[in-house]
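Any value given below was found using the heavy atoms of this structure, including those in side chains, with hydrogens, waters and symmetry copies removed.
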Amino acid sequence: MNARMFLLGGLFFLSTACQKSIDEVLTEVTLETQEIVLPENTGGGEQLTTASFTTTAPWRIELSDSKSVGDWVHVSPLSGEAGTVTLTIAVDENRTPTERKANIRLLSGSEERNIVVTQPGDGSLPAGESIYRTGVVQDTLVIRLPVGRTYRTDVEQGDDWLGAPRLSSGERFDSLSFVLPTNRSMEERVATVRVSDANGDYTALLTIVQPSAALDITLSLPHVELPTGGVGGEAPEELVDSLFVAGFDAEGRLLFTQDLPQTYREAYAFRVLPTELLLRDYYPSVRIYVVANSSSALTGFSGNEQEFVNRKDTAISRLFGAGNIQPPLSGMTIQDLTFGPNRVAVGLSHVTAQVTFKVLFDSTWTASRTLEQVNIGGFSTWGYLFATASDTQTSPIERTFSPAVEPTPDNQYRFFAYENSQLVLTVRAGGRYYQGSAPNVLKRGYKYSFNMRLADAAAAAASSAQASTVPNGAVQEIVLRPL
């Protein structure tokens with residue numbers, strides 16, 4: 001009898017276990033989403049959302065969180081049969097500053113799934129300490145306060161720049177507003193405001209942090225294009241004595257300049273404040289120029305982009321033959337900038353050709369061999385400036401000439417010229433003017449030598465220019481004809 005009962009009990013246990021195993025295998029639950037994050041409830045009132053799932057067994061819903069979820073989360077339906085189901089979730093308005101979460105438990109057969117619902121606070125200022133970070137430009141900061149209180153505000157720090165606080169009442173919120181001026185200083189600034197109500201059961205300490213409008217720029221020079229046309233992995237220190245940096249916005253207006261009279265390093269870090277009228281959070285398509293070995297000639301520049309191009313090119317050309325000044329280098333890049341950290345890489349390269357010319361006289365010419373005046377000039381798509389031009393001279397676009405050059409004892413002259421420029425030489429000798437032009441063969445980074453030979457009308461007519469396109473010192477002859 002006992003043996004029979006034991007056998008029957010064992011069979012019952014096996015049957016129950018098998019049934020449970022079958023239930024576990026057959027129950028499948030698929031959730032469409034496991035997390036729902038509600039948006040800020042700007043309009044007030046109840047918020048509605050849905051969640052879908054599919055199950056192969058009957059199911060039911062349970063709610064849980066650290067608070068009484070049933071008071072603010074409502075789910076329908078709460079149970080049902082197998083199939084595809086869409087739950088309707090209604091969430092009461094959150095009239096507190098604090099975010100809250102609810103856990104919706106889905107139970108089906110032996111399976112359990114969880115849907116977490118997150119509802120943000122109402123955006124009002126919570127009691128205790130809060131920090132607000134603002135933009136750099138002038139703005140109005142509006143802080144929501146819980147409605148229905150009598151507030152007092154005390155500015156404990158920053159009253160020298162923070163606008164006077166203004167309280168106003170509303171239907172859903174009271175408001176505390178400040179007018180924030182643009183931060184034109186080089187450092188961020190902080191203001192603290194204590195907000196409390198007359199009953200003493202609400203106190204908030206508000207910290208307002210406004211960043212500086214300054215641009216923090218780390219400038220790196222990835223390579224330097226040498227006069228031979230080669231590109232080095234790094235710029236030798238002896239190649240760069242100083243740097244001048246200028247940035248212009250998309251309309252060509254000056255944003256900033258920076259003089260860096262230092263020897264070359266891996267990167268230069270500096271902080272600049274854009275001009276007052278252009279202060280803002282973001283600067284798209286900024287053209288950033290870097291000019292090497294010309295800092296002293298460019299310091300104090302305050303014009304527009306075209307004026308800067310003219311002036312930097314003048315400064316570059318004036319460096320030739322000035323003691324131990326290194327070869328002029330220049331580069332430009334276009335980049336978006338924002339207040340705070342910016343990394344800018346500019347590849348410097350030679351933008352000039354070195355030109356030497358000597359004024360000669362025809363061997364059969366019997367007129368006076370004294371040069372009374374030498375004018376050098378030229379034209380190109382970039383305009384043209386020479387070593388004797390002043391920093392403020394406007395770059396000529398058409399065929400015009402620079403101021404007169406003082407003749408040297410050996411009638412030999414050297415300067416930098418821009419690639420693809422055509423050189424024009426005009427001299428006065430014996431009361432007459434003579435003129436000749438070099439062909440448009442100048443290339444970046446090369447050296448050119450020209451003999452400019454004065455000849456009378458007959459000799460000039462019989463002579464032809466022997467200008468070679470061979471660079472790097474090959475002498476080329478140009479005949480100067482009488483005007």
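- In this structure, a donor-acceptor pair under 3.5 Å is present between the side chains of Asn103 and Asn114.
- Considering OG1 of Thr192 and CG of Leu162, their distance stands at 9.5 Å, rounded to 0.5 Å.
- Between Leu141 and Val179, the closest side-chain pair of non-hydrogen atoms is not below 4.5 Å.
- Separating the CG atom in Asp281 from the OG1 atom in Thr338 is a distance of 6.5 Å, to the nearest 0.5 Å.
- Each of Thr153, Thr134, Asp139, Leu206 was evaluated against Phe178; a single residue qualifies, Leu206, per the side chain to side chain contact (heavy atoms under 4.5 Å, CB included) test.
- Here the closest non-hydrogen pair linking Phe270 and Leu219 is CE2-CB, 4.1 Å.
- With no hydrogens or angles considered, no side-chain donor-acceptor pair links Asp197 and Thr150 at under 3.5 Å.
- Annotation: cation-pi pair Arg287/Phe248 absent, no NZ/CZ under 6.0 Å from the ring centroid and within 45° of its normal.
- Of the charged side-chain nitrogens involved, none lies within less than 4.0 Å of a carboxylate oxygen, so that Asp154 and Arg194 do not count as a salt-bridged pair.
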Determine, step by step, whether Gln119 and Gln47 satisfy the side-chain hydrogen bond (donor to acceptor under 3.5 Å, both in side chains) criterion, reporting the C-alpha distance in whole Å, the side-chain angles of both residues, the deciding distance to 0.1 Å, and the verdict.
CA-CA 9 Å; Gln119 184 185 37; Gln47 291 179 284; 3.0 Å; yes
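- Checking side-chain atoms of Asn183 against main-chain N and O of Val136 turns up no donor-acceptor pair under 3.5 Å.
- Defined by atom type and a distance below 3.5 Å, a donor-acceptor pair is missing between the side-chain atoms of Tyr268 and Gln258.
- Taking 4.0 Å as the cut-off between side-chain N and carboxylate O, Lys358 and Glu477 do not count as a salt-bridged pair.
- Dense packing is recorded around CG of Leu483, with more than 12 heavy atoms of other residues, nucleotides or ligands lying under 6.0 Å away.
- For Ser177 against Thr140, the heavy-atom pair with the smallest separation is CB-CG2, 4.4 Å.
- When side chains are defined from C-beta on, Glu188 counts as touching Arg133, because their heavy atoms get closer than 4.5 Å.
- Looking at every heavy atom in both residues, Pro120 comes nearest to Pro39 through CG-O, 3.7 Å.
- Of all non-hydrogen atoms in Arg149 and Asp174, the two that sit nearest each other are O-OD2, 3.7 Å.
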Quick one, Thr299 with Asp259, criterion side-chain hydrogen bond (donor to acceptor under 3.5 Å, both in side chains). Give me CA distance, side-chain angles, the key distance, then yes/no.
CA-CA 7 Å; Thr299 300; Asp259 190 0; 2.8 Å; yes
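- For Tyr283 against Pro274, the heavy-atom pair with the smallest separation is OH-CG, 3.4 Å.
- Side-chain contact between Pro211 and Phe339 is present, with at least one heavy-atom pair separated by less than 4.5 Å.
- Checked by atom type, the side-chain pair Tyr282/Asp336 shows a donor-acceptor distance below 3.5 Å.
- Between Ile36 and Ile115 the shortest heavy-atom distance is CD1-CG2, 4.0 Å.
- The existence of a salt bridge linking Glu40 and Arg144 is confirmed by a sub-4.0 Å separation between a basic side-chain nitrogen and an acidic carboxylate oxygen.
- Atom CG in Leu298 sits 9.5 Å away from atom OG1 in Thr257 (nearest 0.5 Å).
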Start with the C-alpha gap between Phe244 and Phe301, add the side-chain angles, then the distance that decides, and say whether ring pair (Phe, Tyr, Trp, His ring centres under 6.0 Å) holds.
CA-CA 10 Å; Phe244 189 85; Phe301 176 80; 7.7 Å; no
